[in-house]
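This one's a predicted model, so the numbers in the text were calculated from it and none came from an experiment.
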Amino acid sequence: MISPEERLRVFQAENHITTKGPLSLVVQFTRMVRDKAFPLNPDDFQTSSKGQVAGLGGANLKKILREHGITQQLSSEGGRTSRGSMGLMIKYVDFLNAWNAEEAVDFSIVEDFWAEQVREYFRNQPFVLTADTSKTIGANLDDLFEQAKKRQKQNAGTQYLGTVLQHLVAAKLCLILPEGSFEIHGASVADGPTDRNGDFVIGNTVIHCTTMPGALLIEKCKANLRAGCHPVIITIFERVHTALNLAEDAGLAGRVEVWDIQQFLSANVYEHSLFDESKRNSTLSGIIDRYNKIVLEAETDPSLRIEFEAR
């Protein structure tokens with residue numbers, strides 16, 4: 001006998017239930033009918049004007065998703081005004097009626113399934129860099145990094161922030177150096193297995209990208225210095241002092257460069273736009289385009305993409 005998850009996946013695929021509107025509808029409708037008697041009648045779930053599915057709303061959707069630990073806003077309208085909601089509701093009623101005719105529907109399994117599809121939707125959304133010219137480039141980047149931090153908290157075991165940082169550094173380096181000047185690896189590829197001294201090796205300069213400077217990183221910097229190389233640490237702004245203090249405690253004060261990613265990128269944008277404010281966004285957009293190309297080639301997770309929005 002086909003499992004509940006298999007039934008639901010077939011229905012999801014047949015009806016393209018992967019975007020905000022359809023997901024909003026099935027989540028709420030599942031909750032709406034779990035105590036109803038079968039067979040369900042689609043006429044019972046339409047507004048008096050027959051134009052919308054009754055009972056859908058942003059507040060209701062938010063409440064249900066919060067019970068599943070999902071705090072992001074899927075849809076402020078809750079799918080109420082989405083095109084195709086009425087047709088999908090009727091198909092969902094037919095699907096549930098046919099399922100119930102074979103066996104009792106366990107709505108707790110159904111609701112858990114749709115909640116997981118909502119999580120998957122959020123996991124697959126690109127980050128957004130809004131180029132708000134009323135703010136500094138650093139402030140715009142801070143907003144981007146906050147998105148990565150938030151997604152990292154919501155998906156235990158992932159390193160979104162570190163991956164975004166590393167590939168943004170690679171994107172900038174690609175734009176200022178001749179092609180083939182250095183190798184680019186996936187962010188999860190450790191230095192050891194690839195015989196690398198750091199994330200990027202350019203001549204006798206070794207660049208280390210990290211969001212959490214620690215003792216192991218300092219040992220790598222020591223090894224770089226012993227090999228006659230110049231170590232550079234690029235981290236997030238709030239970790240710069242941590243890296244500097246670790247280097248000083250290890251006797252490496254004045255021997256390791258420590259830069260924050262915000263200034264590393266914003267300085268490049270100003271330099272390449274020749275400090276012309278009107279060219280700022282196009283220069284920043286060029287970095288993001290190169291970043292997305294790197295993600296496509298080096299990573300398997302499409303949600304690492306960055307969507308650039310000029311404001």
Side-chain angles (χ1 to χ4, degrees), residues 18-19 120-133 137-138 140-152 155 158-191 193-203 205-211 232-236 259-274 276 278-311:
T18 55
T19 55
E120 185 68 14
Y121 169 82
F122 284 121
R123 282 195 290 264
N124 288 329
Q125 292 305 293
F127 296 111
V128 178
L129 174 60
T130 302
D132 185 346
T133 54
I137 295 171
N140 288 325
L141 290 168
D142 282 339
D143 291 341
L144 172 67
F145 296 145
E146 282 301 316
Q147 294 172 46
K149 289 178 187 177
K150 186 177 293 186
R151 189 175 295 180
Q152 195 161 293
N155 298 278
T158 59
Q159 296 296 326
Y160 288 108
L161 181 58
T163 303
V164 170
L165 184 152
Q166 181 174 319
H167 291 323
L168 282 174
V169 170
K172 173 185 167 173
L173 294 174
C174 284
L175 294 177
I176 64 175
L177 294 170
E179 188 173 348
S181 298
F182 63 97
E183 293 183 356
I184 297 175
H185 300 269
S188 62
V189 178
D191 297 341
T194 54
D195 296 321
R196 291 182 291 140
N197 300 316
D199 294 304
F200 306 106
V201 180
I202 305 167
T205 297
V206 181
I207 297 176
H208 302 276
C209 299
T210 181
T211 60
V232 175
I233 297 172
I234 301 180
T235 187
I236 51 178
W259 302 334
D260 72 76
I261 181 67
Q262 290 91 332
Q263 287 196 330
F264 180 71
L265 292 175
S266 60
N268 178 262
V269 171
Y270 277 112
E271 289 165 4
H272 281 259
S273 60
L274 302 177
D276 184 340
S278 65
K279 297 178 181 177
R280 188 178 107 169
N281 280 354
S282 62
T283 304
L284 189 55
S285 176
I287 293 175
I288 300 306
D289 286 345
R290 182 56 66 103
Y291 166 93
N292 286 330
K293 183 179 179 182
I294 290 168
V295 165
L296 182 65
E297 295 172 350
E299 303 292 344
T300 58
D301 184 354
S303 73
L304 288 166
R305 299 183 331 275
I306 296 174
E307 185 176 299
F308 184 79
E309 290 184 353
R311 183 180 292 176

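Expressed to the nearest 0.5 Å, how far CZ of F145 lies from OG1 of T211 amounts to 10.5 Å. Rounding to the nearest 0.5 Å places OG of S282 at 10.5 Å from CD1 of I287. The OH atom of Y121 sits 9.0 Å away from atom OG1 of T18, with the distance rounded to the nearest 0.5 Å. Rounding to the nearest 0.5 Å gives a distance of 9.0 Å between CD of E271 and OG of S266. Taken to the nearest 0.5 Å, the CD1 atom of I233 stands 11.0 Å off from the CG atom of D199. Distance CG/N292 to CG/L304: 10.0 Å, rounded to 0.5 Å.
With contacts defined as side-chain heavy-atom distances shorter than 4.5 Å, the pair L129/L284 qualifies. Taking 4.5 Å as the limit, every side-chain heavy atom of I137 sits out of range of all side-chain heavy atoms of L265. Counting heavy atoms from C-beta outward, I306 and L144 have side chains that approach closer than 4.5 Å. When side chains are defined from C-beta on, K293 does not count as touching C174, because their heavy atoms never get closer than 4.5 Å. With contacts defined as side-chain heavy-atom distances shorter than 4.5 Å, the pair Q166/F200 qualifies. Contact annotation: the side chain of R280 approaches that of Y270 to within less than 4.5 Å [non-hydrogen atoms, C-beta and beyond]. Side-chain atoms of D301 and Y160, non-hydrogen and from C-beta on, do get closer than 4.5 Å to each other. Side-chain contact check for V201 versus F182: every heavy-atom pair is 4.5 Å or farther apart.
For the 3.5 Å distance criterion, the side chains of D132 and T130 fail to qualify, holding no donor opposite an acceptor.
Taking E120 as the reference, R123, N124 meet the side-chain contact (heavy atoms from CB on, under 4.5 Å) condition, with sequence neighbours excluded. Residues passing the side-chain hydrogen bond (donor to acceptor under 3.5 Å, both in side chains) test with D289, sequence neighbours excluded: none. The salt bridge (charged side-chain N to carboxylate O under 4.0 Å, His left out) search around E307 returns none, not counting sequence neighbours.
Just one of V232, L173, L168, L165 meets the side chain to side chain contact (heavy atoms under 4.5 Å, CB included) condition when paired with F264; it is L173.
When atom types are taken as modelled, the side chain of Q152 and the backbone of L161 share a donor-acceptor pair closer than 3.5 angstrom. Checking side-chain atoms of Q262 against main-chain N and O of L141 turns up no donor-acceptor pair under 3.5 Å. Remark: side-chain polar atoms of T210 are not paired, donor with acceptor, to backbone N or O of T235 under 3.5 angstrom.
Between H167 and H185, the closest heavy-atom pair is CE1-O, 3.4 Å. For A170 against I184, the heavy-atom pair with the smallest separation is CB-CD1, 4.2 Å. V295 and R305 make their closest contact through CG1-N, 4.3 Å (heavy atoms, listed as atom of the first residue, atom of the second, distance). In terms of heavy-atom proximity, S273 sits nearest to V269 at OG-O, 2.7 Å. Residue K172 comes nearest to N268 through the heavy atom pair CE-CB, 3.4 Å, listed as atom of the first residue, atom of the second, then distance.
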